[in-house]
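Let me give you the structure first, and then I'll get to my questions.
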Amino acid sequence: MTVDRHRLTMSDTSRDAAEHYERALDSLLFFRPDVSDRAADVLKASPGSPMGHALHAYLAVLGTEQTQAAAARGPFARFRAALDHARTTPRERMHLAAAGACLDGDLHGAARLLDELSVGWPRDALALAAGHQLDFLTGDANRLRDRIGGALGAWDETDPHYGPLKGMYAFGLEESGHYEQAEEAGREALAHNPRDVWGVHGVAHTFEMRGRFADGIRFLDAHVADWSTGNFLNVHNWWHYALFAMETGGTDRVLDVYDASILPRECGTDALAMQLLDASALLWRLFLSGDAQPARWNRLADMWAARADAPHYAFNDAHTVMAYVGAGRFADAERLVADRRRWLAAPRDAAGRPVSNRAMTADVGLPVCEALLAHGTGRYEAVVELLLPVRHRLAGFGGSHAQRDAVHKTLLEAALRSRRTDLARSLISERLSLRPACPYNWLAQARLADQLGRHAEAATARHRAGHHAGSADSA
């Protein structure tokens, strides 16, 4: 039997296929666009490789592309049905079970299986990478941190994959609130490999969560040659750059980033869901500030509509609704919401498979979509009533703190616009307690003070916002 670089057995896998597998893992860990081709090479060399098939299945799910998952389901099921399980190892059987759960839509079950696998085989890089991304998609901050932290002790710092693991750990630490430790871990990842774009991503998140927008711009500028092109994460890291720029009040700079790097003109209707998601998330923040951007919204709404996605991932649904609302296409938003309601009311999968997206849609996704639609039609009281009960459960439909902040800002905007001053005061206080140097928070405080007739307090808050924005802009 063949073994991989960590001495883990690979059944029915030739030496040539194992080398392709190692190259595919490198591409996966560094978000290189050739990962699918590398994975295909594994099965060309060894069509019966269990690890090759597991890798294919994970890739089909982790991009949240419904068509990719659907296309992979049949071939993977046929492979498992014909497989002689006695020829496989316990580790491989766990991978195949987890990959099958992924394709069946049970993201939480797959994450748990990979958690168990990593306890027994902590140097299985595929289990750690796939599990880490599933933790992100399901919004499980503790597992995002502890899955990697629990395995790191088994790794040698000289291993080529140790650096990417530190990058993953940085993101897990950040999402669970350990910002300084996360920055340190992310910078250690970059010391191992400056082109570790997930490590760059983890450090960028720490600046976002601490309100250190000038530092965030300086950091991304300093590393721009390493992260800005040629990888699947470059769009998302440009999105982080635009968020930092937005806090300076530089709308022109934000839109330059949007047009050049987030949704360039050359993008067609085949743009990836993750790219469209970042575009929606950025324009929605401008929309909340009163910056309409109708042309950009209409193009983005067309691109979401061209996908015609059935229920697959609730987080994507919310960003689709943002695009429809931003473009003023309320009928399209209403149709999507109605479709998700019908899906939830229909009988569950006949095979009895647990589909994570059902709970994610019912518990969080659908109320968020309804609230976004209500916001677009000026029903701000309805926004508050829909979002207030779920605001502490938003992690349940995936994403990061930074991504979900668009929904938190929607609630605050609705509270201000419906003159729910007690609620607005509480929400602003929460935000200022976490990020006291955030210009958006100071401007929200100024608006509330205006509503309450506290003009001196409003003027002070606006001065602080301008001062902090100017400091960030000077970066």
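Values below: every heavy atom of this structure, side chains too, minus hydrogens, waters and symmetry copies.
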Verdict with reasoning, R145 to E175, per side chain to side chain contact (heavy atoms under 4.5 Å, CB included)
CA-CA 8 Å; R145 176 195 64 206; E175 286 298 290; over 6 Å; no
Under 3.5 Å side-chain donor-acceptor pair for T9 and T89:
no
Would you verify whether the NZ or CZ of R195 falls within 45 degrees of the ring axis of W227 while also being under 6.0 Å from that six-membered ring's centre?
no
Note: A333 and L373 closest approach over all heavy atoms is CB-CD1, 3.8 Å
Polar side-chain atom of E247 near backbone of Y440 as donor-acceptor pair, under 3.5 Å
yes
Strictly below 4.0 Å, N to O, side chains only: are E184 and K166 in salt-bridge contact?
no
Under 4.0 Å between a side-chain nitrogen and a carboxylate oxygen: does that hold for R112 and E116?
no
Here the gap from L277 atom CG to M274 atom CE, rounded to the nearest 0.5 Å, amounts to 7.0 Å
Can you tell me how far apart OG (S261) and CG (D278) are? Round to the nearest 0.5 Å.
11.5 Å
Step-by-step side-chain hydrogen bond (donor to acceptor under 3.5 Å, both in side chains) determination, T13 to T2
CA-CA 6 Å; T13 305; T2 306; over 6 Å; no
Polar contact flag, side-chain donor to acceptor under 3.5 angstrom, R253-Y241
yes
Ignoring hydrogens and geometry beyond distance, is a side-chain donor-acceptor pair present between T64 and N316 at under 3.5 Å?
yes
Just by distance, do the side chain of T361 and the backbone of A314 share a donor-acceptor pair under 3.5 Å?
no
For Y313 and F315, take the angle between the two ring planes, folded into 0 to 90°, and tell me which bin it lands in: parallel under 30, tilted 30 to 60, perpendicular over 60.
tilted
Do D34 and S27 have side-chain atoms, one donor and one acceptor, less than 3.5 Å apart?
yes
For the residue pair L134 and Y58, establish whether any side-chain heavy-atom pair is separated by less than 4.5 Å.
no
Would you please classify the geometry between the F31 ring and the W198 ring as parallel, tilted or perpendicular, with 30° and 60° separating the classes?
parallel
Rounded distance (nearest 0.5 Å) linking atom CD1 of I217 with atom CZ of R212:
13.0 Å
With side chain to side chain contact (heavy atoms under 4.5 Å, CB included) as the criterion, how do S228 and N234 come out once you've worked through the C-alpha distance, each side chain's angles and the decisive distance to 0.1 Å?
CA-CA 5 Å; S228 59; N234 65 302; 5.5 Å; no
With no hydrogens and no angle check, just 3.5 Å: does a side-chain donor-acceptor pair link H201 and N237?
no
Rounded to the nearest 0.5 Å, what's the gap from NE2 on H319 to CG on L300? Could you check?
10.5 Å
Is any side-chain N of the basic residue among R358 and D106 closer than 4.0 Å to the acidic one's carboxylate O?
no
How long is the gap from CZ on F79 to CG on L43, to the nearest 0.5 Å?
8.0 Å
Start with the C-alpha distance between H161 and R5, add both sets of side-chain angles, then the distance that settles side-chain hydrogen bond (donor to acceptor under 3.5 Å, both in side chains), and finish with yes or no.
CA-CA 10 Å; H161 289 165; R5 71 169 65 165; 3.2 Å; yes
Are the aromatic ring centres of F207 and Y179 under 6.0 angstrom apart?
no
Residues H6 and D159: side-chain donor-acceptor under 3.5 angstrom
yes
Does either side chain, that of H375 or that of T410, offer a donor lying less than 3.5 Å from an acceptor on the other one?
no
Between H312 and D317, do the side chains contain a donor N or O and an acceptor N or O under 3.5 Å apart?
no
Checking side-chain contact (heavy atoms from CB on, under 4.5 Å) against F30, which of N231, L233, N193 comes through?
N193
Interatomic spacing from CG in L387 to CD in E413 - rounded to 0.5 Å
12.5 Å
Charged N-O contact under 4.0 Å between R307 and E65:
yes
Would you tell me whether D140 and T138 have side-chain atoms, one donor and one acceptor, within less than 3.5 Å of each other?
no
Would you say the ring centroid of F136 lies under 6.0 angstrom from that of H132?
no
Using the salt bridge (Lys or Arg N to Asp or Glu O under 4.0 Å) rule, take R391 and E430 through it: C-alpha gap first, then chi angles, then the decisive distance, then the call.
CA-CA 13 Å; R391 72 186 187 101; E430 286 179 12; 2.9 Å; yes
With no hydrogens and no angle check, do the side chains of E174 and T206 hold a donor and an acceptor under 3.5 Å apart?
no
Answer yes if the side chains of T88 and R93 hold a donor-acceptor pair under 3.5 Å, and no otherwise.
yes
What about F76 and H56, are their ring centers closer than 6.0 Å?
no
Are any of the side-chain nitrogens in R218 or D221 under 4.0 Å away from the carboxylate oxygens of its partner?
no
If you measure from the Lys or Arg side-chain nitrogens to the Asp or Glu carboxylate oxygens, is any gap between D363 and R393 under 4.0 Å?
no
Would you say the ring centroid of Y324 lies under 6.0 angstrom from that of W304?
no
Decide, yes or no, whether a salt bridge links D26 with R38 under the criterion of side-chain N to carboxylate O below 4.0 Å.
no
Under a 4.0 Å N-O cut-off, is there an ion pair linking R265 with D259?
no
Could you give me the CA-CA distance, side-chain angles and deciding distance for M303 and L263, then say whether side chain to side chain contact (heavy atoms under 4.5 Å, CB included) is met?
CA-CA 10 Å; M303 296 172 81; L263 202 65; 3.7 Å; yes
Any non-hydrogen side-chain atom of F171 less than 4.5 Å from a side-chain atom of V203?
no
Take D156 and T158 through the test side-chain hydrogen bond (donor to acceptor under 3.5 Å, both in side chains) and record every step on the way to the result.
CA-CA 5 Å; D156 189 301; T158 63; 2.7 Å; yes
Distance only, no hydrogens: is a donor on one side chain within 3.5 Å (strictly under) of an acceptor on the other, for H53 and R80?
no
Heavy atoms only: give me the nearest M246-L282 pair and the separation to one decimal.
CE-CD1, 3.4 Å
Can Q275 and C267 be said to form a side chain to side chain contact (heavy atoms under 4.5 Å, CB included), step by step?
CA-CA 10 Å; Q275 184 173 7; C267 285; 3.2 Å; yes
R435/D405 salt bridge by N-O under 4.0 Å criterion
yes
